[in-house]
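The structure appears below as structure tokens.
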Amino acid sequence: MIDPKLLRSDIDYVAERLKVKNFDLNVAEISSLEEKRKALQIKTEALQSERNTASKSIGQAKSRGEDIQALLESVSHLGDQLDEAKASLKVVQESLNDLLMYLPNIPDDAVPLGASEDENVELRTWGDIPEFEFKVKDHVELAAIGNKLDFELAVKIAGSRFTTLRGDLATLHRALIQFMLEVHLKEHGYEEIYVPSIVNKESLMGTGNLPKFEEDLFKLTDERELYLIPTAEVPVTNIMRDEIASDAEMPIKLVCHTPCFRSEAGSYGKDTKGMIRQHQFDKVELVQFVRPNESEAAHEDLTSHAEKILQKLGLPYRVVILCGGDLGFASAKTYDLEVWLPGQNKYREISSCSNFRDFQARRMQARWRNPETGKPELLHTVNGSGLAAGRTLVAIIENYQQVDGSIRIPQVLQGYMGGNSSLSFS
RNA sequence: GGAGAGGUGGCCGAGUGGCCGAAGGCGCUCCCCUGCUAAGGGAGUAUGGGUUGAAAGCCCAUCGAGGGUUCGAAUCCCUCCCUCUCCGCCA
């Protein structure tokens, strides 16, 4: 959520900055609602105060044994007025709040202008794009040979946009997750956390997935209004909802492996082949809660942690900074890591690392106690994939394919694969 | 699923209609005292919001959540959520 105080004091600045995200802020509507809010709130609180005073004196008179009839009559008119004022205030506050919950975060000054992902800016590349002396296959062609990757089976069990993995391909998938977790735990100083894969509305409001993006989610039909998580970011970030961290606890760095569920509504025809875009995939997520003045550095740091995984796996990639038009709702600044996929002959997103500043924290009331002021202040949240396991598996299959259709297993994973250095689909 | 008990500040815990944003204790911070330590004495110590250029001040709200009764609700009534105990079932 954008700071309501900033919206009041400098709405034109906010409108200007949101244009970078191609968001058209309705300045007139907000200003008018805000004006009403102010008048109604002052009026309501004054009436409330008046009644409190009156009620107090009734109590005092009664305890002295005086007749309170006259006093009772003098406050009788207050009740209706107060109810009326409260009701109008509630209406205005709710509309204002609804509006606020739909406003995206203000982008960082470094965010380049642009309408779509085509205008994201490449910051750096790592690794050499592999050259093959044979005709390259994509992961579907390679893995389908021995039914180790079986989409038809998944269709029978669940439907389209699911997959089944079998044998050592399933093991490789698990090995990747284990490998990623251990690197982040042992080398990057994260603490592992295990969380629910089903969350409530409040949690999704906190991270910014609701109210605006309900169609991206799988909602349970249960009357409790629960949803499958689209990313571990939701449950993990919400552990700090309504909490105040001490300065000594900061920064809090968590790593979490979960399945992720996305409805992919509106992506018909996109990546229909293969396991690039699925309703369910596994991901290792990095989440940091940091002091406000540290989020910029933490964001760079966290991005480097995700990069490290690709480097250790020997997968070529590039880092792009998302332009305004492609930048997520809650994010102030996002770096995408894009891994090279020989089967598609292009870079594809495998991690998205974002600095949300206080946007999520304000929605969640996630705070830390600033030792300089002694007061609770909003903390900053930073997160990113480290990495998406399914897409990493695809990248390994395609980048490490051999002329005979087998797959070379990267050195760092061999320990998790019984020491095997290659995997064969035949 | 059945039966019962309960949700109060960082923690414990009192509080059945007004003088309660809340006794008392613990913890924490500061001060005093004391060779050091321990013990002791004193003061302070919730959060959100409004008003203001800002601070101070003032005001409003908050005792699991939401409604209701009342001039007035932590306290009475209703609904929901959660926790605990016993029984049943179960990965």
Side-chain angles (χ1 to χ4, degrees), chain A residues 1-13 30-31 33-101 194 196-206 220 222-227 235 238-250 252 259 358 360-379:
Chain A
M1 191 161 84
I2 293 178
D3 187 355
K5 284 180 187 140
L6 179 63
L7 222 42
R8 278 175 222 158
S9 62
D10 202 351
I11 192 164
D12 292 330
Y13 164 77
I30 293 177
S31 305
L33 272 170
E34 172 52 27
E35 211 172 292
K36 284 183 198 155
R37 186 232 102 224
K38 184 167 174 173
L40 282 166
Q41 185 162 349
I42 290 172
K43 184 183 171 193
T44 306
E45 289 186 359
L47 283 167
Q48 189 75 254
S49 178
E50 197 182 330
R51 195 186 68 179
N52 287 349
T53 313
S55 293
K56 202 168 250 186
S57 58
I58 290 174
Q60 285 164 351
K62 208 176 168 185
S63 68
R64 287 193 299 265
E66 297 168 10
D67 180 31
I68 57 168
Q69 201 52 44
L71 284 168
L72 282 180
E73 276 160 27
S74 72
V75 286
S76 62
H77 67 285
L78 277 177
D80 291 343
Q81 278 184 39
L82 187 57
D83 285 347
E84 199 183 311
K86 268 185 182 169
S88 350
L89 178 62
K90 193 178 173 188
V91 169
V92 172
Q93 260 172 343
E94 275 173 3
S95 350
L96 205 48
N97 195 50
D98 283 353
L99 245 154
L100 270 162
M101 291 302 270
Y194 173 83
S197 299
I198 294 176
V199 291
N200 56 30
K201 266 188 139 152
E202 290 70 35
S203 296
L204 289 156
M205 291 287 267
L220 274 53
D222 195 274
E223 73 281 359
R224 285 175 292 191
E225 301 204 83
L226 299 169
Y227 298 78
N238 273 277
I239 67 166
M240 286 305 294
R241 174 152 50 90
D242 296 320
E243 301 288 339
I244 303 170
S246 71
D247 184 57
E249 291 172 82
M250 302 288 275
I252 299 168
D358 62 10
Q360 294 181 323
R362 185 171 289 105
R363 287 173 160 242
M364 293 191 301
Q365 279 303 302
R367 292 158 296 164
W368 70 299
R369 195 171 294 276
N370 184 344
E372 284 175 25
T373 60
K375 297 285 178 209
E377 293 174 13
L378 295 173
L379 47 75

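Lettering follows sequence order; numbering is per chain, from 1.
Residue A:Lys90 places none of its side-chain N or O atoms closer than 4.0 Å to OP1 or OP2 of B:A61. Distances shown here put every side-chain N or O of A:Gln365 at or beyond 4.0 Å from the OP1 or OP2 atom of B:U47. The side chain of A:Ser49 places an N or O atom within less than 4.0 Å of a non-bridging phosphate oxygen (OP1 or OP2) of B:C60. Proximity of A:Arg8 to the phosphate of B:U51: a side-chain N or O atom is located under 4.0 Å from OP1 or OP2. Contact between the side-chain N/O atoms of A:Arg224 and the OP1/OP2 oxygens of B:C81 is not found at any separation under 4.0 Å. At B:U47, one or more side-chain N or O atoms of A:Arg369 fall inside 4.0 Å of OP1 or OP2 (strictly under the cut-off).
Under the Watson-Crick or G-U wobble criterion, with both distances below 3.5 Å, B:G6 is paired with B:C82. The partner of B:A74, taking Watson-Crick or G-U wobble pairs whose two distances both stay under 3.5 Å, does not exist in any strand shown. Under the Watson-Crick or G-U wobble criterion, with both distances below 3.5 Å, B:C36 has no partner in any strand shown. In a base pair of the Watson-Crick type (N1 to N3 plus N6-O4 or O6-N4) or a G-U wobble (N1-O2 and O6-N3), with each distance short of 3.5 Å, B:G17 is matched with no nucleotide. Across all strands shown, B:C58 forms a Watson-Crick or G-U wobble pair with B:G50, both key distances being under 3.5 Å. Nucleotide B:G44 is matched to B:C28 when pairs are restricted to Watson-Crick or G-U wobble geometry with both distances under 3.5 angstrom. Using the Watson-Crick or G-U wobble rule with both distances under 3.5 Å, B:G1 pairs with B:C87.
A side chain to side chain contact (heavy atoms under 4.5 Å, CB included) with A:Arg241 is found for one member of A:Glu202, A:Arg363, A:Gln365 and no other, namely A:Glu202.
At distances below 3.5 Å, at least one donor-acceptor pair connects side-chain atoms of A:Asn238 with backbone N or O atoms of A:Ser203.
Across all strands, A:Lys5 comes closer than 4.0 Å only to sugar-phosphate atoms, never to a base (heavy-atom distances). Among the heavy atoms of the strands lying under 4.0 Å from A:Arg37 are primed sugar atoms or P, OP1, OP2 only; no base atom is included.
For A:Glu45, taking side-chain heavy atoms from C-beta onward, the closest of the listed nucleotides B:U47, B:G50, B:U51 is B:G50. The side chain of A:Pro376 lies closest to B:G48, out of B:G18, B:G48, B:U52. When distances run from any side-chain atom of A:Asn52 to the nucleotides B:G50, B:U47, B:A61, the shortest one goes to B:A61. Among the nucleotides B:G18, B:G50, B:U52, the one closest to the side chain of A:Ile58 is B:G18. The listed nucleotides are B:G50, B:U47, B:C71; the one nearest the side chain of A:Leu72 is B:C71.
Summarising the local packing, CD of A:Glu84 is surrounded by 12 or fewer heavy atoms from other residues, nucleotides or ligands at distances under 6.0 Å. Atom CD of A:Gln81 has more than 12 heavy atoms from other residues, nucleotides or ligands within 6.0 Å. Environment of CZ in A:Arg224: sparse, with no more than 12 heavy atoms of neighbouring residues, nucleotides or ligands closer than 6.0 Å.
Look at CG on A:Leu7: it is 12 Å from P on B:G50, rounded to the nearest Å. Atom CD1 in A:Ile42 sits about 14 Å away from atom P in B:C60, given to the nearest Å. What separates CG of A:Asp242 from C1' of B:A65 is a distance of 13 Å, to the nearest Å.
Put simply, the side chain of A:Gln60 and the base of B:G18 share no donor and acceptor less than 3.5 Å apart. Side-chain to base pairing of A:Lys62 with B:G18: one donor and one acceptor N or O lie within less than 3.5 Å of each other.
The side-chain heavy atoms of A:Leu379 and A:Ile252, taken from C-beta on, include no pair separated by under 4.5 Å.
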